[in-house]
Amino acid sequence: MRLADGPEPGQLVASVSGEMDAASNPLLQQTLLIALRRAERLLTIDLSGVSFFGSAGVTALVWVSQHPEAAGKHVGVIATSRIVTGPLELTGLLQRLDVHGMPGVAAGPQESDTAAQRADTPAQRSEDRARR
């Protein structure tokens, strides 16, 4: 892990590369705690160089974001691949953590489009008539 001052005042960027697995977790947590202590107001954890992101990686992010020394500081995550965003999405952390740089996701149909398509099927028209 490499630590560097970020572009914003009081920001520290912790760039992680390689595998975030059980073997690396103790050192990772120790280094993230050092980074958290050094960050004045903002710690950005850059995971763009991560090649494997297992449950230990998820645990490390939750641990540092909920650590008592994170009080009054903002912890952000840069995740540029599905290797990282996939497990975060499966665990619900994608919505709870401040994650940026996510790979593009193909836009699905809008809710109004889906409703219009559903209403246009014979089964839906029959169901709509039965409700009236």
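We number each residue from 1, following the sequence as shown.
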Quiz prompt | side chain to side chain contact (heavy atoms under 4.5 Å, CB included) partners of L90, counting only residues at least two apart | solution = none

Practice problem: Flag yes if L3 and V13 sit in one hydrophobic cluster, no otherwise; membership is Ile, Leu, Val, Met, Phe, Trp, Tyr, and two members link when side-chain heavy atoms are under 4.5 Å apart. | Solution: no

Quiz item: Taking only residues two or more places apart in sequence or in another chain, which ones pass side chain to side chain contact (heavy atoms under 4.5 Å, CB included) with I83?
Solution: F53, S81

Quiz item: Just wondering, do L88 and L61 contact through their side chains at under 4.5 Å, heavy atoms?
Solution: yes

Practice problem: Starting from the C-alpha separation in whole Å, work towards a yes-or-no answer on side chain to side chain contact (heavy atoms under 4.5 Å, CB included) for D98 and V77. | Solution: CA-CA 6 Å; D98 182 16; V77 177; over 6 Å; no

Quiz item: Could you state the interatomic distance from CG (L97) to OG1 (T91), rounded to the nearest 0.5 Å?
Solution: 8.0 Å

Quiz item: In chain order, what residues pass the side chain to side chain contact (heavy atoms under 4.5 Å, CB included) check against Q66, with sequence neighbours excluded?
Solution: V62, R96

Self-check item: Minimum-distance pair of heavy atoms, taken over all atoms of A23 and P26
Solution: O-CD, 3.9 Å

Practice problem: Not counting sequence neighbours, list each pair that qualifies as a side chain to side chain donor-acceptor pair (under 3.5 Å) and has a residue in residues 24-33. | Solution: D21-S24

Quiz prompt | salt bridge (Lys or Arg N to Asp or Glu O under 4.0 Å) pairs, two or more places apart, involving residues 55-66 | solution = none

Self-check item: Non-hydrogen atoms of A56 and A22 that approach each other most closely
Solution: CB-N, 3.5 Å

Practice problem: Mind checking the CG-CD spacing from L42 to Q11? Nearest 0.5 Å is all I need. | Solution: 4.5 Å

Quiz item: What residue pairs, at least two apart or across chains, pass salt bridge (Lys or Arg N to Asp or Glu O under 4.0 Å) with a residue in residues 6-17?
Solution: E8-R41

Quiz item: How would you list, by chain and number, every residue that makes a salt bridge (charged side-chain N to carboxylate O under 4.0 Å, His left out) with E40, sequence neighbours excluded?
Solution: none

Quiz prompt | Any residue meeting side chain to side chain contact (heavy atoms under 4.5 Å, CB included) with S48, in chain and number order, not counting sequence neighbours | solution = D46, T80

Quiz item: Hey, any chance I78 and L94 share a hydrophobic cluster, counting ILVMFWY side chains that come within less than 4.5 Å of each other, even indirectly?
Solution: no

Practice problem: Could you pull out all residues at least two apart from E69 that satisfy salt bridge (charged side-chain N to carboxylate O under 4.0 Å, His left out)? | Solution: R37

Quiz prompt | Residue pairs passing the ring-ring contact (aromatic ring centres under 6.0 Å, His included) test where at least one lies in residues 65-85, sequence neighbours excluded | solution = W63-H67

Quiz item: Checking K73 side chain against L36 main chain: does a donor-acceptor pair fall under 3.5 Å?
Solution: yes

Self-check item: Distance in Å, L27 CG paired with L32 CG, rounded so as to fall on 0.5 Å steps
Solution: 9.5 Å

Self-check item: Any side-chain heavy-atom pair of M20 and V84 under 4.5 Å
Solution: no

Quiz item: Of the non-hydrogen atoms in S65 and V75, which two are nearest, and what is the gap between them?
Solution: CA-CG2, 4.4 Å

